Structure formats: C-alpha cells, structure tokens
Amino acid sequence: MPGIPLVARETTCSRGADQMCRQESRAQLSAEEEVAAEESLSIYCKPVELYNILQRRSIRNPSFLQRCLRYKIQAKNKKRIQMTVSLPATVNYGLQGQNLFPLRIILARPASSNEITENYDCFHFNRCCTLTSCAGDQAVSGIHAKFILPEMNKLSAEIKSGSLSVLFVSCVEASRDPMVASSSQSNVEGHCLLGKIPMELLLLSWEKSPNLNLGEKAEMLSTVEMRPYSVKPICLEENKCVSFQTAASSGTQSSLQQLQVVVSAEEVGARDRSAYDCYSYSDIPSSSLPHIMRLRTGNVIFNYKYYNNKLQKTEVTEDFTCPFCLVKCASFKGVRHHLTTSHDLFNFEFWVTEDYQAVNVSPKTDIWRTEIIADGVDPKLQTFLFCSRPLRRRRPKSLAQNAHHVHPLALDSNLPASFNELLDKTDGVSSAGPSHADPEFVPSLPGSNLAPPTMLQFAKTRKLSVERSDPKNRLQLQKRQFFHSHRAQPMALEQVLSDRDSEDEVDDDVADFEDRRMLDDFVDVTKDEKRIMHLWNSFVRKQRVLADGHTPWACEAFSRLHAQDLIQAPALLWCWRLFMIKLWNHGLLDARTMNNCNIILEKSWQQNQDNDDPMEAL
Amino acid sequence: MAKIALGCEPVVGSITSAKKKEYRVTNRLQEGKRPLYAVAFNFIDSRYFNVFATVGGNRVTVYQCLEGGVIAVLQSYIDEDKDESFYTVSWACNVDGAPLLVAGGSNGIVRVIDAGNERIHKSFIGHGDSINEIRTQALKPSLVISASKDESVRLWNVQTGICILIFAGAGGHRNEVLSVDFHPSDIYRIASCGMDNTVKIWSMKEFWTYVEKSFTWTDLPSKFPTKYVQFPVFIASVHTNYVDCNRWLGDFILSKSVDNEIVLWEPKMKEHSPGEGSADILQKYPVPECDIWFIKFSCDFQYKATAIGNREGKIFVWDLQTSPPVLISRLSHVQSKSPIRQTAMSVDGSTILSCCEDGTIWRWDVVASSS
C-alpha cells in the first residue's frame with residue numbers, strides 16, 4: 001500500500017477527541033491475545049492479495065471508468081495561467097467620455113512574413129474579448145477579459161518562438177466594427193485605435209513574481225498608447241486574421257490616447273492546493289507529520305479494524321488514492337464510490353470532518369467465497385465455475401466454429417491479442433481473458449515485467465500456511481481432530497494447515513525395501529541384475545516415469561545419477577547396457593539417446609581416471 | 001492346518017493331574033459387576049513383582065499380593081469415558097524406570113498411566129478400532145505393542161509417545177488381531193495372531209533405525225515417519241479357528257484357538273524366501289471346556305509353567321518344558337463357575353490369579369508340598 005504508516009502516533013496524539021487516529025495501546029493485551037490479534041489481522045491478506053492481482057491486471061488494461069478518471073485528474077492537475085485584463089476605473093476615469101468602449105482585447109500573433117502586405121501589420125487571433133466598461137463599475141459582465149494561457153514554461157517557449165501581443169482595439173465607428181463582422185463582410189475596412197502590450201513584457205514581469213507558482217496573483221499596471229489605424233479583417237483558411245494599417249490621416253486625429261490597463265495572472269489548477277502540498281515530507285519534523293498529513297486535502301486516513309474491531313492499523317494515502325489498487329480517485333467522493341464498488345470484500349465507514357477524511361475498513365466475513373484462492377495453488381489448475389451468457393449479437397458462424405476447440409480455461413494475459421479477439425468474437429464462448437474482471441479467474445502472472453505482488457505490509461510477515469485457506473475453511477479445520485491418512489496419527493494443527501497431502505504418499509523406504517524383497521525371490525537372476533533392477537525400479541518410482549515417452553529422459557538421467565556406481569562395477573554397467581538394448585528393442589529408446597547415455601558414462605569414467613591419477617593427467 | 005508327517009505326530013499331554021504342586025484359594029475379590037478381561041503381574045520391575053493390575057469396564061486397578069493371601073488395593077483409575085471397556089493391560093516403564101501401566105480396550109485408545117505419579121502419562125490415538133492385547137518388550141520396556149480389531153499391530157514408544165511401526169497391509173492380518181507377543185531374545189521379532197486363524201511372525205530388523213529414532217525424536221509425534229511393515233516373515237495356519245492367544249517359548253510358539261488346547265509349534269522358515277515355511281507342531285496341552293474365544297493363558301517369568309482358565313471357571317496349570325506335557329495341577333472351586341478370561345502367574349509361579357467374567361478375582365497360592 002502506498003500510504004505512510006503513522007508510526008509516530010503516540011507522541012503526537014495531542015487532541016483527546018482525535019478518535020480517528022486513536023490506536024489502542026497494545027500493552028493492554030496479553031501475549032496470547034496479541035497472537036490472536038495478529039492472527040485476526042491476517043484475514044486481510046487474502047482479499048488484499050486478490051485486489052493486488054486485479055490491480056496488476058488493470059495496469060495493462062484499465063477499466064473505462066478509471067481511464068476517464070485519470071484524464072479528469074490529469075486535466076485538473078494541469079497548470080495553466082489565467083490572464084485577466086481589466087481597465088481600472090479610477091485610473092481611466094478620464095477616458096470614459098472618450099468613448100473607447102466597446103474595447104476589444106485580442107491575444108494575437110503576428111502573421112508570418114509572406115502574409116504581410118506592405119504597410120500592414122497582420123495578426124492571427126482566436127478569440128476577441130469585449131470590454132464594455134471599466135472595472136469597478138456596477139456592471140457585472142464585460143469588465144474583464146480573461147485568457148487561459150499554457151503554463152509558464154510552455155508559455156515562455158511559445159512566446160520566444162513567435163512574439164505574442166495583447167491588442168487593444170477601439171473602433172471609432174461602432175456600427176462598422178470590423179471585429180464583429182462575419183466573414184461575408186470580410187473586406188469592410190474601418191478606422192480604429194490600436195494599442196499593444198507585447199507578451200514578452202508580461203512574461204518578464206510574471207517571471208519576476210515569486211509567488212505565481214504558489215497560487216498567488218501577479219498584477220501589473222501598464223499604460224497602453226492607443227494609435228489610430230485603419231483595420232481590415234482578413235479571412236485566411238478559417239483562421240481569423242486582422243490587419244492594421246497605419247492610418248494615413250493619423251495627424252488629423254486628435255492624438256494618441258493613453259489607456260491604463262491592469263493585467264493580472266494566476267495559476268489555475270494550482271489554486272486548490274494549500275501551501276502544505278508543496279513541501280516534501282522530508283523537511284518536516286516527524287512530530288508534526290500526522291497533523292500535516294491530515295491537512296493535506298488529498299490525504300485519506302484508512303483505519304483497518306481487526307481483532308473484533310478492537311484494534312486498528314492506520315495508514316494514510318495521498319491524492320485520494322485507494323489503498324488496495326492505488327487508483328487515484330480525484331476526490332473523497334470518488335474514494336467513496338470506488339471503494340464501495342471495487343472492493344466489496346470489505347465494509348467501509350466514511351467519516352469526514354474539517355480536519356480529515358477517514359475511512360474505517362473492516363473485512364466482510366460472510367462473502368468470502370472461492371474468489372480467494374489459496375496460496376501455492378496455481379489458479380489455472382483449479383476448476384472454476386464459468387458462467388457466461390451467450391452474446392446476443394449475431395456473428396458469422398465460421399468464427400464460432402473455429403473457436404470450438406478453444407477452452408477459456410487456459411487463457412492468460414500473455415496470449416497474443418488476436419487470440420483474445422477471436423474469443424471475444426465468438427458466440428457462447430466468451431473470453432475469460434484479462435479484460436474481464438472475472439474474480440473467479442486469476443491468470444498466472446508473467447512476473448517478469450510486473451512488480452511482485454504488493455501485499456499489506458503487515459501481511460508479509462505472516463506464515464504462508466496460515467494464509468493458505470480462507471478463514472471459514474480454516475475454522476472448520478480447527479474445530480475437529482484430523483488424522484494422518486496413512487498412520488492414523490492425530491495431526492497437529494500446523495500439519496493440518498500445511499500444504500502436504502498424505503493421501504497418495506508413497507513411502508520410498510518401504511517401497512525400496514519391498515522391491516528388493518520381491519527381487520530376492522527370483523532365483524535365476526544374478527546379483528548385479530537384481531541390483532540394476534532395483535536401482536531402476538526405485539528411480540522410476542521416485543521420478544514418476546510413467547509414459548513411454550519418458551524413457552529417453554529417464555535413461556539419460558539414470559546414467560547421470562548412477563554414473564559412479566556403474567563405473568565402479570563393470571558388471572553392473574553391462575547389465576545397464578543390456579537393459580538399454582532391451583528398451584531399444586522395444587522401441588522405447590532411440591539410438592541417439594543410448595549413445596548419449598554411453599557418452600555420459602564414458603565422460604564420468606574419464607573424470608575418474610583423471611582424479612585417480614593426477615600425475616598421469618599432468 | 002499344517003500337515004503332520006508320519007512319525008511326527010505332536011505329543012499330547014494327559015489331563016490327569018500329576019499333582020506336582022497343589023494350589024489353594026486364598027482370596028476372592030469381587031471387583032465389580034463388569035467382566036474382568038485381563039490381569040497382569042508386573043514382571044518389568046523386580047521391586048514390584050508382587051504388584052498386579054486388572055482391567056474391566058472403564059477401570060484399571062492396581063493391587064498388591066501380600067503374605068497370607070491378602071490382596072491390597074493400591075490404585076484405581078477410571079477412564080473418563082463410561083463406555084470404555086478395557087480388554088488388556090500391560091506393565092511397562094519409562095527410561096528412568098518409573099512403572100507405567102498401559103491399557104487398551106474398545107475405544108482403541110492406548111492409555112499410558114504413570115503409576116508412580118498416579119496420573120495419565122500419555123494417550124495414543126491411532127488404532128481404528130478396539131485394542132485386544134498390549135504387550136511390553138522386556139528387553140526395552142519403553143516399547144509396547146498393541147493388537148487391534150482394525151487388523152493392525154502397532155509398535156509404540158511410551159517414552160516419546162510415537163507410533164513407530166504399523167504391522168499391516170498387503171501381508172497383514174485379514175481380520176481382528178487378538179494377540180501379539182515379543183520374542184524373548186530376538187528384539188526384532190514379534191508374533192501376532194487373530195481372527196483370520198493365522199499366526200504371523202514379523203521382523204522389524206529393516207526398520208530398527210526407526211525404533212532407535214523414536215527414542216530421540218523431539219518434534220511432534222505426528223510428524224514421525226511411521227512405517228508400515230506389510231509383509232510378515234512367516235505365516236502359520238496351525239489353527240482352524242480364531243487364534244486368541246500366542247506366546248513365544250524360546251523360538252517356539254505357544255498358541256491357542258477354541259479347540260480346548262494350547263499348541264506348541266516350531267515355525268520353520270525357509271532361507272531366502274520370506275513368508276514361506278511350515279509349522280511343526282510339537283506338543284499339545286489339552287484344556288477341557290476351553291472352547292470360547294478370548295481366553296488367554298499366562299506363564300511365569302521363566303516360562304516353566306502356564307496357567308489357563310476355562311469356560312467353567314477351572315484353571316489348568318501345565319508344565320511347559322516337559323515332554324510329554326505334564327499337567328501340574330487342575331484348580332477348581334465350587335464357587336468359581338464363571339469363564340476365566342485371563343490368568344496371571346507370579347514370577348516364580350507360586351501365585352496364580354484369575355479374573356472372571358463375573359467381575360471376581362481369585363487368588364490361588366501354592367501349598368508347600370508336604371513331601
């Protein structure tokens with residue numbers, strides 16, 4: 001789990017009412033109770049493990065909901081700069097009479113050189129804001145022009161690549177305002193007053209402002225000189241474009257007008273963050289850590305109840321992260337919905353106060369069914385109930401026929417996608433592949449490219465045998481005495497819970513003994529022959545050589561295993577060779593394998609020679 | 001039934017008493033209403049040669065034979081299960097020499113009682129059905145062997161509580177095992193007999209490492225690698241009915257069925273062919289009116305004589321080591337009419353105890369010969 005365990009709890013539990021973070025003193029428990037408590041904690045192991053498996057599966061193929069959620073979170077966390085332009089009333093009071101309004105404010109980029117005709121300044125723009133009055137007036141709308149800019153680094157790069165400017169345009173003849181003109185009236189020319197603030201200037205001032213990235217506003221008052229121009233909107237391949245020409249009659253116009261504008265900028269997406277968020281935990285003394293962790297908005301406290309809800313373990317996750325599958329849930333509400341829908345093996349109790357959001361977790365004991373698969377058991381080998389409704393969609397019959405030989409049982413996440421697709425397309429046989437969150441089906445994990453299962457921290461130390469069976473079955477195992485299936489001896493609980501099954505156990509010592517006795521009965525067999533028979537019989541039994549196809553392997557392995565015995569007794573070696581020839585006669589052994597066996601024996605003999613006569617070897 | 005070659009007919013003893021010794025009833029005890037199935041002197045510890053134990057119902061009682069026919073009750077143990085019915089008892093001791101009582105019965109649980117401390121020492125679970133006889137290895141009195149209705153014989157270490165070996169399986173008994181006995185000198189050898197009418201001789205020579213291991217085993221007893229001994233070294237069909245008691249007499253075997261006689265025979269094993277061989281019947285010790293099963297005989301410490309009760313409450317004392325067999329004495333009393341399930345001879349054979357179906361214990365003491 002990703003959270004940070006609140007270890008420093010006792011020392012920092014300053015508030016008496018702080019129930020959520022209360023942890024019962026373990027000292028009150030007797031040693032026995034503590035063991036029992038530990039034991040009861042282990043009921044978390046199985047469900048957590050299951051969710052880990054599901055989580056690993058969803059790494060490759062997240063569910064739709066989670067993909068949406070991820071996008072939403074990313075969008076929310078993406079930093080942007082919101083630039084607000086307004087005309088402060090107090091400063092611009094004198095301008096009011098001059099009827100600059102409506103004032104158009106445009107964030108524009110100069111057109112590339114080939115679009116510029118002589119004497120024209122041509123700008124591309126996307127949006128044009130209209131100010132109808134000065135800020136500070138009673139009017140509600142039309143006093144700010146807001147532009148969303150990319151975050152600082154991106155913005156500066158963009159500005160450096162091509163100079164952006166904020167344009168202030170005030171049309172003299174409002175009726176012939178070319179800015180509002182539609183493209184059909186595109187060639188209508190008009191006169192206007194134009195002012196400019198280059199973005200470089202703004203950027204410079206923002207960069208100087210230290211607190212912008214901490215969420216504070218950076219404000220700048222600047223003066224814009226408004227000059228008369230003649231304006232002409234141009235439509236170039238759907239890009240809005242406007243060109244200004246220095247008015248020939250500039251002299252006749254009254255003169256430049258000065259406009260005071262306030263440009264303020266702030267980071268959006270960063271405003272939700274509190275100052276605490278910006279520090280790493282390392283700078284903070286551990287004593288105040290829990291308090292801060294509670295204050296951080298995304299932090300959720302999870303209390304895991306165990307030992308009949310008498311004890312709890314606590315951990316804290318950041319960014320509204322689910323402790324089981326590490327999904328970021330964007331909000332506490334998201335956490336709530338996620339937990340109740342995705343982790344229904346637990347009961348959840350949600351608790352929100354001013355200081356913290358907390359979740360009490362307790363395992364549901366009643367619904368633990370076959371979803372939990374015992375440790376050490378390859379789930380693929382387990383029979384599982386596979387329910388699927390035939391898909392209603394009509395599919396070409398040929399596909400269905402193709403897939404008749406395919407059984408969903410053996411699927412795992414390593415299969416090529418096409419194979420899964422094929423299955424997906426078949427009627428009646430729906431895929432149990434990784435895209436289905438079928439809890440009954442847990443594929444064996446490739447392991448090589450995935451992280452090892454993240455278990456509850458406290459679960460790691462548990463003994464495996466305890467985890468093997470789910471609690472309900474375990475309880476039944478504890479209830480009564482079990483006896484060894486061969487010896488009929490009462491078994492200790494530890495043995496009952498261990499994974500060993502004595503049912504079809506073969507006692508090798510006894511089997512060897514009996515085999516030897518059986519061979520002793522033969523009167524027409526030499527001692528060496530009996531010995532080789534015995535060695536072979538016991539080898540075959542121990543290695544479970546069952547099929548004809550196993551024979552070549554068995555011969556090589558036998559040669560390797562008993563090389564020393566065979567070399568030391570040539571008579572025995574000949575018995576072995578004769579036996580191999582017999583196998584070859586029966587078609588159980590091919591000549592090459594027989595040759596291999598002899599090579600193995602020869603090499604071994606060679607080695608012996610070298611070891612025996614070191615002088616000769618030199 | 002073993003074939004008897006011409007000129008090899010067994011010697012049958014005469015049932016006319018030679019009156020070599022005379023026994024007289026010196027005490028009679030009514031222990032309870034329930035039948036007593038076993039009585040046993042303690043031959044393991046010379047300090048307690050006059051101490052004996054009886055079992056009947058769910059009770060194990062320890063007595064002491066005192067001078068003048070007095071029997072003193074020393075201890076009495078009652079099993080917590082009212083329905084338990086003990087069938088057998090044997091004395092054993094732990095490695096420190098403390099006396100232990102080992103009893104078994106219908107529940108199939110071997111109870112090991114620490115008689116020195118008057119408490120239960122261990123209980124062995126393992127047998128699947130009632131236990132018909134328990135015997136102690138005199139050479140290693142921590143080893144006891146039990147014969148059970150579950151067709152198996154189990155070797156236990158009372159010291160560590162381990163079930164060492166199970167004599168059962170492919171070559172094992174095919175019905176209840178009624179009796180089992182350790183060879184007096186060959187520590188590896190045991191004989192067992194039962195309702196499949198056979199006597200089987202087993203060897204644990206190949207498994208002796210496990211017996212040794214059992215003394216030093218410190219892990220859980222249930223983890224001990226208990227071995228199955230599936231094949232006996234000898235199977236004898238001496239009897240044609242249930243064989244309910246067998247004892248080694250040197251390398252010979254004394255066994256009885258419901259044919260009113262004890263048979264002494266020699267197992268003749270063939271070299272290199274285990275399981276095969278023949279039984280040579282040497283002698284027969286007739287016991288009249290001894291035609292019900294579960295009547296066991298007992299011998300003195302040196303196996304000079306054996307005493308066996310019959311269905312009518314009479315006891316026959318045979319000289320074991322004479323040929324032809326000599327009936328030492330025939331003990332009868334007008335009030336002893338109930339079947340005698342087992343007798344016990346004291347170390348020197350001077351005292352004979354019998355325990356009866358009606359819950360009585362009779363004590364017979366030898367009368368100093370007048371001659």
Side-chain angles (χ1 to χ4, degrees), chain A residues 35 463-466 468-469 474 477-531 533-535 537-538 541-542, chain B residues 108-110 122-129 131 146 148-157 160-172 202-210 213-214 217 219-233 270-276:
Chain A
V35 171
K463 268 194 287 181
L464 274 177
S465 61
V466 178
R468 284 219 165 92
S469 45
R474 227 173 79 93
L477 289 177
Q478 284 170 328
K479 261 187 208 159
R480 52 158 288 195
Q481 177 74 62
F482 282 85
F483 298 90
H484 193 276
S485 57
H486 283 192
R487 305 166 198 158
Q489 287 293 284
M491 302 212 312
L493 184 64
E494 171 196 343
Q495 265 183 301
V496 174
L497 297 179
S498 78
D499 206 26
R500 281 182 64 83
D501 181 7
S502 54
E503 195 82 65
D504 51 358
E505 212 168 65
V506 175
D507 193 326
D508 277 323
D509 296 344
V510 173
D512 275 356
F513 170 69
E514 269 156 23
D515 180 59
R516 215 175 287 133
R517 226 170 53 172
M518 186 194 76
L519 291 172
D520 279 348
D521 289 349
F522 297 131
V523 276
D524 54 346
V525 181
T526 68
K527 218 179 88 200
D528 292 311
E529 283 169 336
K530 280 181 184 176
R531 179 135 182 251
M533 282 184 203
H534 175 68
L535 288 176
N537 284 349
S538 88
R541 184 184 54 250
K542 280 177 189 158
Chain B
I109 300 170
V110 178
K122 276 190 168 78
S123 293
F124 300 153
I125 295 165
H127 275 303
D129 215 323
I131 294 164
S146 57
S148 166
K149 191 178 176 177
D150 69 1
E151 306 179 5
S152 77
V153 170
R154 282 174 186 248
L155 179 71
W156 307 86
N157 185 328
T160 48
I162 282 165
C163 177
I164 308 163
L165 297 174
I166 302 168
F167 300 86
W202 308 79
S203 171
M204 49 180 128
K205 198 170 182 180
E206 286 83 5
F207 299 91
W208 195 250
T209 49
Y210 297 102
K213 203 186 265 183
S214 76
W217 190 259
D219 206 348
L220 288 167
S222 54
K223 287 189 177 171
F224 187 83
T226 303
K227 296 292 169 186
Y228 268 86
V229 182
Q230 298 212 39
F231 296 97
V233 290
K270 272 193 197 157
E271 201 82 11
H272 300 304
S273 52
E276 285 173 38

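In the text below, chain A, chain B and the rest are named by the order of the sequence lines, each starting its count at 1. As the structure is a computational prediction, the values presented were derived from the model and not from experiment. Both backbone and side-chain heavy atoms feed into the values below; hydrogens, waters and symmetry mates do not.
Residue contact with chain A, scored on non-hydrogen atoms closer than 4.5 Å, involves the side chain of B:Phe207 exclusively. Looking at A:Glu514, only its side chain comes within 4.5 Å of chain B, counting heavy atoms on both sides.
Atom-to-atom distance recorded for A:Gln489:CD and B:Leu220:CG is 11.5 Å, nearest 0.5 angstrom. Note that CE of A:Met518 and CZ of B:Phe231 are 10.0 Å apart. Values are rounded to the nearest 0.5 Å.
Heavy-atom neighbours of A:Lys527 NZ from other residues, nucleotides or ligands within 6.0 Å: at or below the threshold of 12.
Between the B:Arg154 side chain and the A:Arg487 main chain, a donor and an acceptor come within less than 3.5 Å of each other.
Per-residue heavy-atom pair counts under 4.5 Å with chain A were compared for B:Gln230, B:Lys223, B:His127, and the maximum is reached by B:Lys223.
Summarising the geometry of B:Ser222 relative to A:Pro490, their closest heavy-atom pair is CB-O, 3.0 Å, with the distance given to 0.1 Å.
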